**Student:** 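Structure incoming, see below.
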Amino acid sequence: MTKEIVGKRISQVEVANPKCLNMPFEQFQKAIVGKTIKSVVNRGKWLFIKLGSDHVLLFNPGMGADMIHFKSDDKLPEKYHIKFTLHDATGFTIRVWWFCYLHLISANKLSEYKLTAKLGMTPMGKGFTVDNFKQSLDKKRGNIKTFLLDQKNLAGIGNVYIQDILFNAKIHPERPVSSLADREIEALYKSIKSVLNESIKLGGLTYEKDFYGNKGGYGMGQFKIAYKPGKPCPKCKTTIQKIKTGSTSSFICPTCQPLNE
Ligand SMILES: [Zn+2]
């Protein structure tokens with residue numbers, strides 16, 4: 001996105017689902033048309049698009065969205081809800097799977113904006129070091145899976161990835177954070193990095209698309225135990241189990257990931 005949209009001016013915007021906005025569409029349109037895109041970064045699920053007017057566009061795709069780039073002579077996707085056209089007639093469309101947020105905020109209000117102010121470290125960011133990870137776990141109550149899913153701790157690890165992340169580190173999802181040994185936290189840190197890097201390398205999950213509309217390649221072929229109940233564990237052949245962990249499901253190898261250690 002940085003390569004395709006930064007430095008360009010927004011010439012037109014369409015929003016078919018105005019409920020995703022934090023202001024009436026006319027006001028939104030007036031505020032962003034003519035403005036130059038200064039930068040695009042992500043923190044967890046949130047995309048921060050900084051505009052020349054000292055405003056920031058915050059986009060959160062909810063369950064997911066296809067954001068697809070177009071050039072002036074490209075055929076647009078059949079279905080989309082949001083369209084940004086830039087001054088050189090390129091741009092991008094967004095098809096939202098379920099719901100989304102598209103909020104325009106003053107840059108100086110960003111730090112107090114409640115939906116994004118408390119986002120934790122981004123696991124692919126420079127600040128995510130093993131020491132910072134250890135520190136973030138210090139004195140935390142609750143179990144490790146709940147910790148990993150909470151965007152206030154780490155922004156951007158979804159339930160899909162957590163299964164193999166915990167399996168690689170040989171940690172049961174319901175282990176209390178306080179019970180984790182240093183070597184386990186280090187293994188978990190390495191596993192977070194390796195699972196996410198592998199998915200990024202393959203362009204994301206198989207049901208996701210990149211900015212050019214290419215499908216990701218990370219799916220059942222890459223998963224070790226995730227979504228494979230009844231199959232043998234790739235390490236020890238024990239049957240993989242599906243268990244309930246709070247409001248989410250977990251997949252575990254009961255031999256490799258014992259609850260009591
Ligand atoms: Zn096993």
Side-chain angles (χ1 to χ4, degrees), residues 44-45 63-64 120-125 127-208 210 215-261:
K45 271 192 174 185
M63 301 297 285
M121 291 182 282
T122 299
M124 303 318 292
F128 184 59
T129 62
V130 70
D131 289 335
N132 286 344
F133 184 47
K134 275 183 192 166
Q135 213 166 46
S136 70
L137 285 159
D138 193 36
K139 298 192 178 71
K140 283 282 175 2
R141 292 162 191 270
N143 69 50
I144 187 61
K145 183 172 182 188
T146 307
F147 176 89
L148 292 175
L149 276 178
D150 187 339
Q151 304 286 304
K152 291 198 282 298
N153 297 320
L154 280 179
I157 305 185
N159 195 39
V160 174
Y161 294 117
I162 280 178
Q163 316 299 334
D164 286 347
I165 284 174
L166 288 168
F167 171 73
N168 291 337
K170 300 183 176 167
I171 297 172
H172 190 286
E174 289 180 316
R175 287 274 306 280
V177 169
S178 58
S179 77
L180 296 176
D182 263 12
R183 61 173 170 78
E184 290 180 306
I185 296 174
E186 283 155 23
L188 188 56
Y189 174 81
K190 274 191 201 146
S191 180
I192 291 170
K193 289 282 216 188
S194 71
V195 167
L196 296 181
N197 271 322
E198 179 70 10
S199 179
I200 289 170
K201 209 170 75 193
L202 295 173
L205 295 162
T206 48
Y207 54 82
E208 296 173 327
D210 70 12
K215 283 193 171 166
Y218 194 83
M220 288 308 269
Q222 283 67 39
F223 294 161
K224 291 178 179 162
I225 59 150
Y227 307 95
K228 295 185 175 178
K231 297 262 164 51
C233 164
K235 278 187 198 153
C236 74
K237 308 289 178 234
T238 303
T239 303
I240 296 165
Q241 287 179 2
K242 180 179 178 178
I243 60 168
K244 217 46 198 147
T245 43
S247 61
T248 59
S249 291
S250 292
F251 300 87
I252 59 156
C253 167
T255 305
C256 293
Q257 298 163 273
L259 183 52
N260 301 305
E261 202 169 328

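None of the values given here were measured: they were computed from a predicted structure. Indexing begins at 1, ligand by ligand and atom by atom, following the structure's order.
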**Student:** Return the orientation label for the Tyr161 and Tyr218 ring planes: parallel under 30°, perpendicular over 60°, tilted otherwise.
**Tutor:** tilted
**Student:** In the protein, how many N/O/S atoms are under 2.8 Å from the Zn ion (ligand 1)?
**Tutor:** 4
**Student:** Salt-bridge test for Lys170 and Glu184: reply yes if a basic N is under 4.0 Å from a carboxylate O, no otherwise.
**Tutor:** no
**Student:** Sequence neighbours excluded, which residues qualify as side-chain hydrogen bond (donor to acceptor under 3.5 Å, both in side chains) partners of Lys45?
**Tutor:** none
**Student:** List the steps, then state whether side-chain contact (heavy atoms from CB on, under 4.5 Å) holds for Thr248 with Ile162.
**Tutor:** CA-CA 11 Å; Thr248 59; Ile162 280 178; over 6 Å; no
**Student:** According to ring pair (Phe, Tyr, Trp, His ring centres under 6.0 Å), does anything in residues 163-196 pair up with another residue at least two apart or in another chain? List the pairs.
**Tutor:** Phe128-Tyr189
**Student:** With Ser178, which residues qualify under side-chain hydrogen bond (donor to acceptor under 3.5 Å, both in side chains), at least two apart?
**Tutor:** none
